[in-house]
There are 2 protein chains.
Amino acid sequence: MTAGPATVSTGGQEDTRTRLLGTALRLFTEHGVEGTSLQMIADALGVTKAAVYYHFKTKNEIAEAVAEPGLKELNEVVEEATRQRRRGQQVDHLLTGFVDVVVHHRALIALFNRDHGVLRSVTKSWAGEENFGERILEILIGPDGDVNRAVAAHAAIAGIALTGGAPEFAELDDDTLREHLLDVGRKLLGRPRRVS
Amino acid sequence: MTAGPATVSTGGQEDTRTRLLGTALRLFTEHGVEGTSLQMIADALGVTKAAVYYHFKTKNEIAEAVAEPGLKELNEVVEEATRQRRRGQQVDHLLTGFVDVVVHHRALIALFNRDHGVLRSVTKSWAGEENFGERILEILIGPDGDVNRAVAAHAAIAGIALTGGAPEFAELDDDTLREHLLDVGRKLLGRPRRVS
DNA sequence: GTCTATAGCCTGATAGAC
DNA sequence: GTCTATCAGGCTATAGAC
């Protein structure tokens, strides 16, 4: 929010682009991604479809750009978790970090749960970073993990992401939702509750 | 499978319809629902688009018809669970029944995970039966369930469905997958392992 | 660099002829 | 019952004005 252009060397170029992403997010939230046409975005901006096409070559590029903040945060969480020494710390860091990202960007997640399904948009590959969804599962499962552990890890990621974006819990405040989602992860991954 | 027409009083009418559903399922599995056009279905059948429209008024009707066997089974599970006397029995019956349906129809579930997300196609309303996804959650949560229980139940349904349809576990045999998915549900819902 | 105008091709969907 | 012809609307693409 507050996309202040400040004094960027690129000048007003970012202006239309960010304005476009803003209204795109608004329309996506309102009508879903598939339910939002480029025409609607163009009309809301007061420009033509071709003007939209100039900034983003495809509709998917717009969706990716909208999702980027959340994916970027999640990527940082994964990298931080990888740098942890002990395996228990890796799992705990990843779990809490994942839940934080989900809670923080739950509006975004609710959006992508509508059209794609989470495993496709969150767990799959991201622009640049090769499939970092697998990296998340690798850390959670561990080197000596069996099938049971793999199923549990998979269910944890899917359950947390889908539940975090569920409209039923949209009114819950961040802290409460985070605590309950953490509980889901801890039950499935067998991590004890941290002393606070 | 083995859609034997047998001797139906309606004559050869069912023939084209079932043939259509068969190829539709095949194409859906291959390219996803959104990725399959009516043109592709018509071409694969050797007919025109309008011929397809004669049997199904809309593309969604085809998808619903393809998903119907699984939804029908799930509905029976819910009704059976409702008839159970004690609440623990209701939860156990629903959990095992849900896992059974997921495992049995995992190809179908994998299909709908791709385009909709499970909570939209499995948990939402079904032709005729009003939103029976809520009925599932009601039973799992129970009359005196708090928010923590609601989040756990939601995560259990989502986690089981998405994990059951995940391609990573497609090669697993039914019994193994069922056991691990049951474990997920038991951990989240706090049900002890049944003595076998 | 930024946008308008226009067009191509495909989709789901309808109306009406055999 | 089945198909031809046709429609409005979607995304993608190019040409050219400022």
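Protein chains get the first letters and strands the later ones, always in sequence-line order, with residue 1 at the start of each. Note that the coordinates shown come from a computational prediction; the quantities given were computed from them, not determined experimentally.
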(message) For a quick check of understanding: with a heavy-atom distance under 4.0 Å over all strands, which category does B:T48 fall into, base, sugar-phosphate or nothing?
(response)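 If one applies the 4.0 Å heavy-atom cut-off, B:T48 turns out to touch a base.
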
[X] with [Y]: basic N within carboxylate O range, under 4.0 Å:
X      : Y      : result
B:R149 : B:D144 : no
A:E64  : A:K59  : no
A:R19  : A:D15  : no

Measure from [atom1] on [X] to [atom2] on [N] and round the result to the nearest Å.
X     : N      : atom1 : atom2 : answer
A:R17 : C:dG1  : CZ    : P     : 14 Å
B:I41 : C:dT11 : CD1   : P     : 11 Å
A:L20 : C:dC3  : CG    : C1'   : 13 Å
A:F56 : C:dC3  : CZ    : P     : 12 Å
A:M40 : D:dC11 : CE    : P     : 10 Å
B:K59 : D:dG10 : NZ    : P     : 16 Å
A:E34 : C:dG12 : CD    : P     : 12 Å
A:K57 : D:dC11 : NZ    : C1'   : 14 Å

(message) So that I know where these two stand, are A:F169 and A:H180 an aromatic pair - ring centroids less than 6.0 Å apart?
(response)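 Aromatic pair excluded; centres sit 6.0 Å or further apart.
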
(message) Keeping B:Q90 on the side-chain end and B:Q84 on the backbone end, is there a donor-acceptor pair under 3.5 Å?
(response)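 Between the backbone of B:Q84 and the side chain of B:Q90 there is a qualifying donor-acceptor contact (under 3.5 Å).
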
Taking only N and O in the side chain of [X], is any of them less than 4.0 Å away from OP1 or OP2 of [N]?
X     : N      : result
B:S37 : C:dC10 : no
A:Y54 : C:dC3  : no
A:H55 : C:dC3  : yes
B:T58 : C:dA13 : yes
B:Y53 : C:dA13 : yes

(request) Decide yes or no, distance alone: a donor-acceptor N/O pair under 3.5 angstrom between the base of C:dG12 and the side-chain of B:K49. (result) yes

(message) Which is more 5' along DNA chain D, the nucleotide nearest B:G46 or the one nearest A:L38? Just name the residue.
(response)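 Closer to the 5' end of DNA chain D: B:G46.
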
